**Student:** 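Here it is, the structure, as structure tokens.
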Amino acid sequence: MADPKGFMHTPRQEWPRRPVEQRVRDWDEVYVPGALLPIISKQADRCMDCGIPFCHQACPLGNLIPEWNDLVSREDWRAASDRLHATNNFPEFTGRLCPAPCEAGCVLAINQPAVTIKNVECAIADRAWEEGFTPPCPPERLSGKTVAVVGSGPTGLAAAQQLTRAGHTVAVYEKDDRIGGLMRYGIPEFKMEKRHLERRIEQMRAEGTKFRTSTTVGRDVAADELRTRYDAVVIATGATAWRELPVPGRALNGIHQAMEYLPLSNRVCEGDLEVSPLSAAGKHVVIVGGGDTGADCLGTAVREGAASVSQLDIYALPGTERDEDAEPWPTYPKIYRLSAAHEEARDLRTAPAADADARLFAASTLHFIGDERGSVRSLHLVEVDERRAPVPDTGRTLPADLVLLALGFSGPDQEDGLIEQLGLALQPRGTISRDEGFATNVPGVFAAGDAARGQSLIVWAIAEGRAVAAAVDHYLTGSSQLPAPIVPSDRPMVV
């Protein structure tokens with residue numbers, strides 16, 4: 001603990017964002033380049049080095065937060081990088097994309113603003129790359145065992161890197177033309193520039209991990225062939241079966257799923273397309289769904305030049321302070337948060353009729369209205385109460401040339417035939433069934449990440465990847481020294 005009184009005299013200061021008017025004109029990350037390092041040592045000083053650091057329990061990776069906070073406060077970046085990477089394969093991803101449940105569990109957050117744990121993490125990761133603290137770590141010798149990992153999201157990549165470093169020969173199969181899963185085509189460039197992803201992929205290649213892109217297991221490669229060719233198979237395909245909105249008018253043109261819309265804008269940034277076929281330019285856009293995916297659509301539509309953008313959230317407008325009775329510390333509270341995309345929408349007034357920023361809260365879609373050509377032109381909604389029952393006389397209509405459904409995901413996509421070909425047992429909600437050792441009902445086949453857990457956070461995805469790697473290593477060799485931060489039955493801290 002470098003400064004025992006740091007939390008008493010240093011206020012919380014976050015990584016500043018670029019001015020709204022500037023950042024909405026490009027696809028670069030929203031933060032001011034280089035503005036984090038000058039402030040982060042003092043922010044790390046705010047860590048109290050608690051006797052019982054609840055930030056550990058709040059993070060499924062078990063990140064050694066007080067340790068690397070202390071090292072950063074002393075500006076020992078190499079040691080901080082070592083402690084950070086001891087529990088997290090990809091801290092530059094989580095430092096940008098995770099909603100930071102660790103900060104909700106910070107002891108300081110009981111009565112003060114929490115330590116900026118997420119910013120400290122990101123600063124360490126970026127400094128580590130700049131200083132060369134993250135060289136490839138190929139294994140000293142090979143085990144002779146082979147593993148196929150299906151899916152290259154954070155779970156698949158974490159599992160592959162851990163197993164490769166343990167000496168196994170690992171091949172990652174990805175149905176898209178580039179590695180990264182939702183981090184590649186679901187996360188907009190302004191949230192995480194893809195250079196961070198490319199850097200880790202090159203590190204993994206140098207360590208010996210093989211990548212097979214544009215290969216759909218179940219179609220391009222039979223699942224049985226994969227089982228025959230490899231000693232173990234890890235299914236980490238994610239939860240990509242999107243939820244639908246079965247209301248009148250859903251079949252109209254111009255109504256799309258968020259994950260039909262976001263990949264196209266990412267392909268524009270990759271240089272594959274000059275203009276997205278679903279561009280929001282000049283259109284009145286309504287996003288149905290109040291989560292992070294909806295916010296990603298919001299920021300994307302603003303950058304594409306939408307005439308207006310509104311976002312519907314079925315939940316009531318939350319307060320700005322934690323409800324200690326309903327959601328006591330250290331649980332992750334439902335409070336009003338202003339993401340970069342919402343800040344942009346608020347300042348640019350993309351939805352003048354919204355309750356806050358671009359969002360209409362406690363709003364439920366009743367039906368869509370189209371024109372004579374079968375294209376959507378408006379959306380009719382109604383306010384709902386806490387039971388989601390319509391409130392009388394609250395109906396209203398919003399102009400809508402483009403409607404984006406961001407309602408979450410129910411489980412893995414089964415259309416590719418992988419689950420059927422392997423004969424994998426499923427849970428009632430559609431996720432892959434597994435035991436406490438991540439093993440499915442098929443010998444040698446393991447399941448991890450959102451495909452088995454259900455839709456979750458990136459920290460849980462990486463934790464699943466690390467844990468399933470330990471399980472596979474034990475299956476192949478009879479023992480394992482790899483860390484297993486969680487088991488399948490573990491859940492976030494809730495009331």
Side-chain angles (χ1 to χ4, degrees), residues 1-20 22-23 26-49 53 55 59 61 63-100 102-103 106 108-109 112-135 183 187 189-200 202-203 338-340 343 458-459 462:
M1 191 173 185
D3 186 351
K5 297 183 179 180
F7 67 93
M8 299 176 67
H9 57 68
T10 301
R12 177 181 169 106
Q13 185 179 1
E14 298 186 48
W15 192 356
R17 296 168 180 165
R18 294 187 289 141
V20 167
Q22 177 190 100
R23 70 186 193 236
D26 60 46
W27 294 89
D28 298 341
E29 287 182 4
V30 300
Y31 297 104
V32 176
L36 184 57
L37 284 177
I39 66 173
I40 211 64
S41 294
K42 284 294 184 183
Q43 290 304 302
D45 268 344
R46 298 183 69 239
C47 180
M48 302 167 67
D49 193 17
C55 54
C59 177
L61 286 166
N63 282 333
L64 306 171
I65 296 165
E67 294 185 31
W68 40 258
N69 272 330
D70 176 64
L71 291 165
V72 166
S73 72
R74 301 175 191 275
E75 299 194 0
D76 188 346
W77 294 97
R78 180 182 290 276
S81 173
D82 290 343
R83 301 312 290 149
L84 178 58
H85 284 91
T87 58
N88 188 351
N89 295 71
F90 314 122
E92 67 272 33
F93 301 168
T94 52
R96 287 172 168 83
L97 304 177
C98 181
C102 54
E103 293 187 15
C106 174
L108 188 58
Q112 290 189 44
V115 175
T116 54
I117 298 171
K118 178 177 173 178
N119 283 179
V120 177
E121 177 181 38
C122 195
I124 298 171
D126 288 352
R127 185 66 176 266
W129 281 107
E130 292 171 10
E131 299 291 339
F133 299 154
T134 55
M183 292 188 298
I187 299 297
E189 192 85 357
F190 59 82
K191 283 184 69 174
M192 187 182 78
E193 294 173 8
K194 300 307 179 286
R195 60 187 176 90
H196 303 293
L197 180 57
E198 293 292 352
R199 199 162 47 185
R200 281 295 179 186
E202 289 308 310
Q203 180 195 52
L338 190 69
S339 71
E343 180 185 43
I458 186 171
V459 280
I462 296 173

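Owing to the predicted nature of the structure, the values given are computational and were not obtained by experimental measurement.
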**Student:** Could I get the full list of side-chain hydrogen bond (donor to acceptor under 3.5 Å, both in side chains) partners for D26, not counting sequence neighbours?
**Tutor:** R18
**Student:** Do NZ/NE/NH1/NH2 and the carboxylate oxygens of R78 and D82 come within less than 4.0 Å?
**Tutor:** no
**Student:** Please name the pair of heavy atoms, one in V115 and one in C106, separated by the smallest distance, quoted to 0.1 Å.
**Tutor:**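 Scanning both residues completely, I find the closest heavy atoms to be N-SG, 3.7 Å.
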**Student:** Considering residues at least two apart in sequence or located in another chain, which fulfil the side-chain hydrogen bond (donor to acceptor under 3.5 Å, both in side chains) criterion with K191?
**Tutor:**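 So K191 forms a side-chain hydrogen bond (donor to acceptor under 3.5 Å, both in side chains) with D296.
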**Student:** Considering non-hydrogen atoms only, spot the tightest contact between L84 and A125 and give its length.
**Tutor:**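 L84 and A125 have their closest heavy atoms at CD2-N, 4.1 Å.
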**Student:** In chain order, what residues pass the side-chain hydrogen bond (donor to acceptor under 3.5 Å, both in side chains) check against Q13, with sequence neighbours excluded?
**Tutor:** none
**Student:** Hey, could you give me each pair passing salt bridge (charged side-chain N to carboxylate O under 4.0 Å, His left out) that has a residue in residues 89-99? Not counting sequence neighbours.
**Tutor:** E29-R96, E92-R200, R96-D126
**Student:** Looking only at atom types and distance, does a side-chain atom of K194 sit under 3.5 Å from a main-chain N or O of M192, one as donor and one as acceptor?
**Tutor:**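 Side chain of K194 to backbone of M192: a pair is present.
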**Student:** Can you name the ring-ring contact (aromatic ring centres under 6.0 Å, His included) partners of W15, sequence neighbours left out?
**Tutor:**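 ring-ring contact (aromatic ring centres under 6.0 Å, His included) check on W15 returns Y31.
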**Student:** Using side-chain contact (heavy atoms from CB on, under 4.5 Å) as the criterion, list what pairs up with A100, not counting sequence neighbours.
**Tutor:**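 A100 satisfies side-chain contact (heavy atoms from CB on, under 4.5 Å) with C102, E103, K118 once adjacent residues are dropped.
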**Student:** Under the side-chain contact (heavy atoms from CB on, under 4.5 Å) rule, collect the residues that match up with E67, sequence neighbours excluded.
**Tutor:**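 So E67 forms a side-chain contact (heavy atoms from CB on, under 4.5 Å) with L64, R83.
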**Student:** For S81, which residues count as a side-chain contact (heavy atoms from CB on, under 4.5 Å) partner, sequence neighbours excluded?
**Tutor:**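 In terms of side-chain contact (heavy atoms from CB on, under 4.5 Å), with neighbours along the sequence ignored, S81 is linked to H85, I124, A128, F133, T134.
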**Student:** When rounded to the nearest 0.5 angstrom, what is the spacing between CZ in R195 and CZ in R199?
**Tutor:** 6.0 Å
**Student:** With sequence neighbours excluded, what pairs up with E343 under the salt bridge (charged side-chain N to carboxylate O under 4.0 Å, His left out) test?
**Tutor:**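 Applying salt bridge (charged side-chain N to carboxylate O under 4.0 Å, His left out) to E343 gives R17, R23.
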**Student:** Find the distance between NE2 (H9) and CG (D3) and round it off to the nearest 0.5 Å.
**Tutor:** 4.0 Å
**Student:** Who are the side-chain hydrogen bond (donor to acceptor under 3.5 Å, both in side chains) partners of R127, not counting sequence neighbours?
**Tutor:**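 If we apply the side-chain hydrogen bond (donor to acceptor under 3.5 Å, both in side chains) test to R127, skipping adjacent residues, the hits are E131.
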**Student:** Show the nearest heavy-atom pair for residues T10 and R46, with the distance to one decimal.
**Tutor:**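 In this case the closest contact between T10 and R46 is O-NE, 2.8 Å.
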**Student:** Taking side-chain contact (heavy atoms from CB on, under 4.5 Å) as the test, write out the residues that go with P66, two or more places apart.
**Tutor:**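 Expected list: C47, D49, P53, C55, H56.
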**Student:** Go through the structure and list residues passing ring-ring contact (aromatic ring centres under 6.0 Å, His included) with F190, not counting sequence neighbours.
**Tutor:** none
**Student:** Looking at every heavy atom in both L36 and N119, which two are closest together, and how far apart are they?
**Tutor:**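 That closest heavy-atom pairing would be CD2-O, 3.4 Å.
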**Student:** Looking at every heavy atom in both W77 and S41, which two are closest together, and how far apart are they?
**Tutor:**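 Where W77 meets S41 most closely, the heavy atoms are CZ2-OG, 4.5 Å.
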**Student:** Where do T87 and L61 come nearest, in terms of heavy atoms and distance?
**Tutor:** O-CD2, 3.4 Å
**Student:** CG of N88 to SG of C59: how many Å apart, nearest 0.5 Å?
**Tutor:** 7.5 Å
**Student:** Give me the one residue out of T116, V72, T94 that meets side-chain contact (heavy atoms from CB on, under 4.5 Å) with E121.
**Tutor:** T94
**Student:** If you round to the nearest 0.5 Å, how far is CD of Q43 from OG of S73?
**Tutor:**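 One gets 12.0 Å once the value is rounded to the nearest 0.5 Å.
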